[in-house]
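Data first, discussion second: the structure below is written as structure tokens.
The chain is numbered in sequence order, starting from 1.
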Amino acid sequence: MNDSSTLPLFFFSPLAIIGAGLLLAQMFGVLLQRRGVPRLYGAVAAGLILGISGFGLVDTALLTYFQELLNAASALVLFEAGRKMDLVWLWRSRAQGASLLLGCVLRGACAVALLVPFGVSWSEAAFIASILIAVNPVVFTSMVADHNASGVASYAAANAVGLSQLVALVALSISLAWVRSHGVTDEVPFADQLLHQGGKLLLGAAIALVCYGVYKAASRISRAEASLRPGILLATLMLDLGLCSVTASSALLSLLLMGLLLRNAEKRENVFQAQLRTVQDIGYALLFMMSAALVQFDQVLHWTVLLMAVLLFVARAAVTRLALVPGQAWSARKKHAIALCACSLVSFSTLVVDSSMSNAAYLSDTATRLMQALLALNVLVAPAITWVGLRLAGETHEGSE
């Protein structure tokens, strides 16, 4: 954090800075929503004002200070992404499920094909492409919640978000093994690194199974009614996150699987959404505000880097739309909408929830600037494009609750 004697003393309290940022995000979000602008842009405005490109009050040091808080917010987001995945539908829909999986593969392949000619090494290109496979769950879930969206396209896009996280995690584990085995200071055989990364995924999955069992046992022993189970759930998610942290296992996979198990293993509909809505809204605002705060416009304003970032952004959406061609159950309009809803992307900074990913980025200056440009594009345009996708599908129902 910047040390400036001209600022009021309370700004030097990290908690006060976070509180002020969330307050600005909520205020701006409500004002913008009244004018037809997605509420998530309130978090963008707050992050840009308080972040590195603004007053510099929110920076990497502050994020490190509040790492556990960010991890908790990420836990809710990842859990919700997993809870929206319908494995039965993905399997039975055949062509539709295959289209969503094909979209994940094409996004990764497209990224590699564009990055290597740009001068990025093969290992860096594979690492970045693995990240670009995933669709940002904060952007999509926040847009759906704010606009009360529901329908065929929203349902498919929600499954695409969760599926993209799982595919990206597998690809990222392989690319991390390759980068670390070919690094300057960490010359470990690729097979050993691959086994190490796979072990983290398996341990994360095992922790998810254990924590789900704990949640079920606690619910049955206490005979908690549906309206009382969200408290038990939140406690279990924190337990899951903590166990993953101390074991350096994949918290990303573990939290996704917790949501997946809750959605697909239980026969009855779960009624957590209303009780968790306020907490999730705060989590969305916090995470996206932090992403906006990390945007460094001085590193982004290189026309070649910015042009490549725009090309990558557009190409991801284009290949996602191409992958949806086999899905005969969707109209062309719905396919356009799904592709737009899947335009948002995650950055390496959003993977901080997973301790197994720490200190894993060995990126050159060019690759780092490109990721910064992609981050800037994501926070500035992805919410609007996702909102347009939901509107194009005709599945927004504001004010109908």
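- No side-chain heavy atom of P137 sits less than 4.5 Å from a side-chain heavy atom of E80.
- Take S99 and apply the side chain to side chain donor-acceptor pair (under 3.5 Å) test, not counting sequence neighbours, and it matches no residue.
- Looking at residues two or more places apart in sequence or on another chain, you find a side chain to side chain contact (heavy atoms under 4.5 Å, CB included) between V314 and V310.
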Which pairs of donor and acceptor atoms, one on a side chain in residues 320-329, lie under 3.5 Å apart (sequence neighbours left out)?
| residue | atom | partner | partner atom | Å |
| --- | --- | --- | --- | --- |
| T320 | OG1 | R107 | NH1 | 3.0 |
| T320 | OG1 | R316 | O | 2.7 |
| R321 | NE | H336 | ND1 | 2.8 |
| Q328 | NE2 | V325 | O | 3.4 |

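- Here the side chains of V37 and Q33 are not in contact, with every heavy-atom distance at 4.5 Å or above.
- A 4.5 Å side-chain heavy-atom check between T396 and M143 finds every atom pair outside the cut-off.
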Using residues 231-243 as the side-chain source, report each donor-acceptor pair under 3.5 Å to any protein atom, sequence neighbours left out, with the distance given to one decimal.
| residue | atom | partner | partner atom | Å |
| --- | --- | --- | --- | --- |
| T236 | OG1 | I232 | O | 2.7 |
| D240 | OD1 | S254 | OG | 2.8 |
| D240 | OD2 | S254 | OG | 2.9 |

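- With sequence neighbours excluded, no residue forms a side chain to side chain contact (heavy atoms under 4.5 Å, CB included) with T304.
- No side-chain heavy atom of P38 sits less than 4.5 Å from a side-chain heavy atom of T386.
- A search for side chain to side chain contact (heavy atoms under 4.5 Å, CB included) contacts involving V144 returns F140, A149, L390, not counting sequence neighbours.
- For S130, the side chain to side chain donor-acceptor pair (under 3.5 Å) test picks out S175, with sequence neighbours left out.
- The heavy-atom pair separating L22 from M289 by the smallest distance is N-SD, 3.9 Å.
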Please determine whether side-chain contact (heavy atoms from CB on, under 4.5 Å) holds for the pair V112 and W122, giving the CA-CA distance in whole Å, both sets of side-chain angles, and the decisive distance to 0.1 Å. CA-CA 8 Å; V112 172; W122 279 98; 3.7 Å; yes
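- Every residue two or more places apart in sequence or in another chain that forms a ring-ring contact (aromatic ring centres under 6.0 Å, His included) with W89 is listed here: Y155.
- A search for side chain to side chain contact (heavy atoms under 4.5 Å, CB included) contacts involving S331 returns R333, K334, not counting sequence neighbours.
- Scored by the side chain to side chain donor-acceptor pair (under 3.5 Å) test, S154 finds E395 as partners (sequence neighbours excluded).
- Across all non-hydrogen atoms, the minimal contact from I52 to V295 is CB-O, 4.2 Å.
- In this structure, L40 and F288 approach most closely via the heavy-atom pair CG-CD2, 3.6 Å.
- Residue pairs meeting the side chain to side chain donor-acceptor pair (under 3.5 Å) criterion with at least one member in residues 41-56, sequence neighbours excluded, do not occur.
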